[in-house]
Every structure is written in structure tokens, then in C-alpha cells.
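Below is one structure; the comments refer to it alone.
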Amino acid sequence: MSFGKMPIANAFIKNLKTKEYLFELAPGFCPNCSLFQLIKQPNPNKLFHKDYAFFAGTSLKMQKHFKNLATKLINRFGLKKNDLTVEIGNNDGGVVNYLAMKKFKNLGVDPSLNVARSAKSKGVSMFNGFFNFPTARKIKKKYGEAKVFIAQNTLAHIPDINSVFRGVEELLTPDGIMVTEDPYLPIMLKKGSYDQIYDEHVFILSLTAMINICKKFNLRIFDVEILKTAGGSLRYFICRDNNRNISNRVKKQLRFEKKLNLKSLKTYKKFKEKCEKSKYALISKLKELKKKKKSIVGYGATSKSTTIFNYSGIDSSLIDYITDTTPTKINKFSPGTHIPIKSYNYFEKNYPDYCLLLAWNHKDEIFLKEKKKFSKKGKWIIHLPKLQILSK
Ligand code: TMP
């Protein structure tokens, strides 16, 4: 299945004359290992570099989420101050930020220099680089084995997923645990949230696929949790194969996945149809509103919106501007479709008739924030799982 030529989702441009790197965004499903993955992946150096545009710290909900996991590690798994926790892709803080605040031994690993510097300034020990087997060896030599290994919405970003697991096998203490979460394939298929598919999401993972990978490295998934984060995720608790019993929750989730026919081509054909329907519903609604001379603003210059806009051919003739709170995105243009990005301050002075909620995974947080502000003046367009117009 192909979504056509795409720019890098987070490559916001300063100058409209910039020649943008394009690649074919086409996911496929492997019936052997059950991985849903991009067939062609852009070089990771093009995605994670010194000017990475995404700062996790901008979402209060995500901060609470990270803090809760830090508390869970201490309370449920009895983490001690001297136990090393390694978190990969911890961005500008992550879970290790909360462990660092409580003086727990920690190490963040992130390849993007700007976010890694930000985490370091908050007191997190940092290793600036990609995590793989050689990195795991270096970390083990310098800091010792890790009692906890965390990857929050990171694993699915790494093309050489086998090298990560080989690194985990190398790095974990015998009783150590890995906690990882990523957007969950069955939720994406159900919602038709095709905007989860972009360059950074090399994989959309499922329990079945994760079990297959873990087996290769003598690891076992002993528990899972369904989460609302990142538009619907599954969190996996992983240990060495001879450690801990497999919970009933894992068995139940696996039975659920078996019923979904994840290995059948039909499942993905249906998904593609859903994507097409969603695209046409959105375009026709935006065109209808524009005919009536309504102003429309995108709320949140998300990575996901790059897929929606480029797949649907939605540009500044339909969306006046996109508002975003991330300083590195403001006063730039959206990748491929060149819609201007404006600050929240600008948005407050230039409320449109309609806001298209692009950061739909932060809906609760945004609706709470906007309850007494934009929501009193204009309407919301929600495009997933079904196109809806919400007022007040
Ligand atoms: P992401 O979905 O790619 O993580 O990007 C989320 C974007 O949404 C990020 O650039 C920040 C932006 N955002 C806002 O502008 N306002 C908000 O209230 C929230 C929660 C996010």
C-alpha cells in the first residue's frame, strides 16, 4: 500500500525555495514475523539530528505519563537508587528525568543533540547517539548492567530493531526488565488513523510481532497494558526468558489479536479503503467550508499532519495557517505543503472560524485548555475515526 511521495514529517522549512527530500511512504506486512513496516526508510540521520523539531516536554499530559511510569518502576518493581535505568529516545527529559529528580541512577540515550542537551540541562545523565548493540556494550562497560531499560514511543522508530534487542539482551541484569510502548497496530486499523504512518514510524507494532522479536533474544513479554497515549498504544513489560510468569493480560491480548486476522491481506485492503474514505471526507468538508469563506486553522503542527496533508494534497488554499507551541516550528512552513506555522500567541489574536485538530492524540488536554478560549468562539473539525464538527 502506498501513500505517495512524502517529505520528512518533521522537516519544517524556513525558506520556500528549499529543495525537500522526498521518499515513497509505503507500508507492508510480513506474514512471517507479523511486522507492519515501511518498505523504504529514509536514512535515520535525516530524521534525528542536531535540530530535531519534536520536544516531548511541550505536552503536560506526556510529562504526567512519564512521571507515572517512574513511580510505577519504584512501587511495582522495587527500583532502588543504585539500580541503573537506561532510557532510549528520552528526548528532552523522559522517564529518566523523573528518576534523576529523585536521585536514582539514570542514563538517557538520544541521537538528537538539541533535545539531548536540553535533558542534560535538567540533570539527566546523557549519551548522545543511536542505541544499538555496540552502544549497549559501551554503556555496560562504562555504567554497568541496567536493571530497567525504557523505550517510550521509540522502538518503532528504529529500523534495526534486532540490534536494539541484542543490545537489551547484553545490557539487562539477570532480573532486569524492559518497558516499552508504541502505537498499537489493532488500534490504528480500527480507527483508520493512517497518519500514524510516517518516516519515523518504521514499524506499527503488535503483541504478536513483539513476541516474535523477543523470542529471538531469549526475552519474554510478561505483561501488557493498553494506553491512550500516542493515539492508542500498547505497553510491553519484558524480562529474560527464565524470569517471571506470563500474565493473563498477555494471553487475553494475544487471543484478541488472533481474531483480527492480522496476517490476512483483506485486513489491510479494508484499512486502505478506510484511509481513502477519510481523506475524501476531509477534503470535501474543507472545500465546502472554504466556499463559504470560512477561515480554517490546523491545531498542532504534528508529524502526523505531514502524512494527512501530503496524502490529501491539502495546502494553504484550504488551511490558512497551523498553530503550534514548539518554538523550533514557529514561523516555518509545513513539509511538502508549505502551510505557514504560527505561534499560539498569534492564534489567540487571529481565531479562525474552524480549527482542524491535528494533534488529536492530545485531544483531552487541548479541549481543556481551549474550553474558555477558542472553543467559545469557533468550531472544531475532528477527522478521526469519523469526520465530525464540534462546537462548544
Ligand atoms: P506530535 O503529534 O508529532 O507529537 O506533535 C504534537 C505537536 O502539537 C507539537 O508540535 C506540539 C503541538 N501542541 C500544541 O501546539 N498545543 C498543545 O496544546 C499540545 C498538547 C501540542
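Just follow the structure's listing: the first ligand is 1, and inside any ligand the first atom is 1.
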Geometry only, no angles: is K329 polar-contacting ligand 1 at N/O separations under 3.5 Å?
yes
If you compare K363, K304, E370, E365 by their heavy atoms, the one closest to atom 2 (O) of ligand 1 turns out to be K304
| Do Q37 and F29 come close enough that some side-chain heavy atom pair is under 4.5 Å? | no
Can you find an N/O atom of T302 closer than 3.5 Å to an N/O atom of ligand 1?
-> no
### Task
Give yes or no for whether the N/O distance cutoff of 3.5 Å, strictly under, is met between H362 and ligand 1.
no
Checking heavy atoms under 4.0 Å, the part of T325 that sits near ligand 1 is both
ask   = Are any of the side-chain nitrogens in D223 or R249 under 4.0 Å away from the carboxylate oxygens of its partner?
value = yes
Closest to atom 8 (O) of ligand 1 (heavy atoms only, candidates D324, L60, D195) is D324
- prompt: Could E20 and K5 be called an ion pair, given the rule that one side-chain N must be under 4.0 Å from one carboxylate O?
  reply: no
*asked:* For ligand 1, which is the ligand I care about here, please tell me if K369 has any N or O atom under 3.5 Å from one of the ligand's N or O atoms.
replied: yes
inquiry  = I'd like to know if K272 pairs up with E276 as an ion pair, taking the criterion as any Lys NZ or Arg NE/NH1/NH2 lying under 4.0 Å from an Asp or Glu carboxylate oxygen.
reply    = yes
(message) Between the side chains of K285 and E288, is the shortest nitrogen-to-carboxylate-oxygen separation below 4.0 Å, so that they form an ion pair?
(response) yes
Taking S112 for the side chain and V115 for the main chain, is one N or O donor matched with an acceptor at less than 3.5 Å? no
